[in-house]
2 protein chains.
Amino acid sequence: MKVSIEVSKVKAREAEASPKPGLDALLPDVFAADCASRGILEHIVSRWGVLVLASLLEGTMRFSALRRRIGGVSEKMLAQTLQTLERDGMVLREAKPVIPPHVEYSLTPLGRQAAHLVWSLAHWSEEHVPQVESARAAYDGRRG
Amino acid sequence: MKVSIEVSKVKAREAEASPKPGLDALLPDVFAADCASRGILEHIVSRWGVLVLASLLEGTMRFSALRRRIGGVSEKMLAQTLQTLERDGMVLREAKPVIPPHVEYSLTPLGRQAAHLVWSLAHWSEEHVPQVESARAAYDGRRG
DNA sequence: CGGCATCCAAAAAGATACTG
DNA sequence: CAGTATCTTTTTGGATGCCG
């Protein structure tokens, strides 16, 4: 049970970190190094977190299906990412007590919100590959 | 000069990547390990990339102003992140040839689009701190 | 099948010193 | 001021073996 201890600590540092005291004091601020929102954001936008959330937007999936869906992810990192997102209340894990094990992962309502946002980013990236690549070519041309 | 000497393991994994050559060859796919969109996405959602883009949404900033705005970022990582985003065509760097140096960073039109998306995520994170924290408390309660 | 524990290599990140 | 160079620490990730 490590609940209310950390809250006071966060609030204390938040006060010293936020540049705009009056209005923003009550709102969490991702720009503050010690704000909880920053940790949440980093879990969501982590290398595999983005792809797990986007994948689960397509529906409930088993561990191995996720592993196949997300190219390049290792077993270890997938398990780790799923645990983090489960703990943050984004992912629901349902394990059927059978042998061999059968475990299904899906999005919670909270996770679905986050997933829609990351999906927008993923989709935007897919659509703007040409622009970025031509920008890179120009940049690399200017330098060596 | 860092060349390709230790490619053996990396190439081995890259080779096993894209499972559907025919249809998806024309559409970039973030889920494919070797797709360019994946690299772009990872630059955008990198630890500091998100915060740089969100900061610059507030307006043009100098290096030191960005450093102050983004709590916890080191000089080195900020410089590195800015270079990556500049190369990807998201950030515009304007250096005035004076002493002491005066360098301004701003978003390109392309970067502004990405920035709006990441800002949504950052803002969402700020707003859902309570939900996530209570989910964590419940999770930690179920376990030890 | 869906993990977890361990070990090790590689990459990312931080601290510090220095420069135009 | 806005970086670069270098060194050290930390984190990440992959490989392997084990288990229910």
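Throughout, a chain's letter reflects where its sequence line sits, starting with A, and its residues are numbered from 1.
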Mind checking whether A:V73 and A:T81 have side chains closer than 4.5 Å, heavy atoms only? no
If the cut-off is 4.0 Å, is A:R62 near the phosphate of C:dC1, judged by side-chain N/O to OP1 or OP2? no
Whole-Å distance, A:E42 CD to C:dA12 P, equals 16 Å
Considering just the side-chain nitrogens and oxygens of B:Y105, establish if one lies under 4.0 Å of OP1 or OP2 belonging to D:dG3. yes
Enter the distance from A:M90:CE to A:I44:CD1 here, rounded to the nearest 0.5 Å. 3.5 Å
Report the distance from atom CG of B:L51 to atom C1' of C:dA13, rounded to the nearest whole Å. 15 Å
Would you say that B:T84 contacts B:E42 through its side chain, given a criterion of any heavy-atom pair below 4.5 Å between the two side chains? no
Using modelled atom types only, decide if a donor and an acceptor are shared between the side chain of B:R62 and the backbone of B:E104 within a distance under 3.5 Å. no
Return the value, rounded to whole Å, for the distance between atom CG of A:L82 and atom P of C:dG3. 7 Å
Pick the closest DNA chain D nucleotide for A:P100 and for A:V73 by heavy atoms, then say which residue is nearer the 5' end. A:V73
Separation of D:dG3 atom C1' from B:E86 atom CD, nearest Å, is 13 Å
Among C:dG3, D:dG14, D:dG3, the one nearest A:S74 by side-chain distance: D:dG14
Under 4.0 Å from OP1 or OP2 of C:dG2: is there any side-chain N or O of A:S64 that close? yes
Assuming nearest nucleotide by heavy-atom distance, tell me which of B:M77 and A:F63 is located more 5' along DNA chain C. A:F63
Rounded to whole angstrom units, what separation is found between the CD atom of B:E104 and the P atom of D:dA2? 9 Å
When the distance from CD1 of A:I70 to P of C:dG2 is rounded to whole Å, what number comes out? 14 Å
Check: B:D140 and A:R87 side chains under 4.5 Å, non-hydrogen atoms: yes
Return the polar atom pairs (N/O with N/O) between nucleotides 4-7 of chain C and the protein under 3.5 Å, or none.
from: C:dC4; atom 1: OP1; to: A:Q83; atom 2: NE2; distance (Å): 2.6
from: C:dC4; atom 1: OP2; to: A:Q83; atom 2: NE2; distance (Å): 2.8
from: C:dC4; atom 1: N4; to: A:E75; atom 2: OE2; distance (Å): 2.7

Value rounded to 0.5 Å, distance of OG in B:S37 from NE2 in A:H123: 10.5 Å
Distance check, rounded to the nearest 0.5 Å: B:F63 atom CZ versus B:R93 atom CZ? 10.0 Å
In whole Å, what is the span from the CH2 atom of A:W48 to the C1' atom of D:dG13? 9 Å
Measure the distance from CG on A:L78 to P on C:dG2 and round it to the nearest whole Å. 10 Å
Under 4.0 Å, counting only non-hydrogen atoms across every strand here, what does B:R67 touch: a base, just sugar-phosphate, or nothing? nothing
Report yes if at least one side-chain N or O of A:R47 is closer than 4.0 Å to OP1 or OP2 of D:dT12; otherwise report no. no
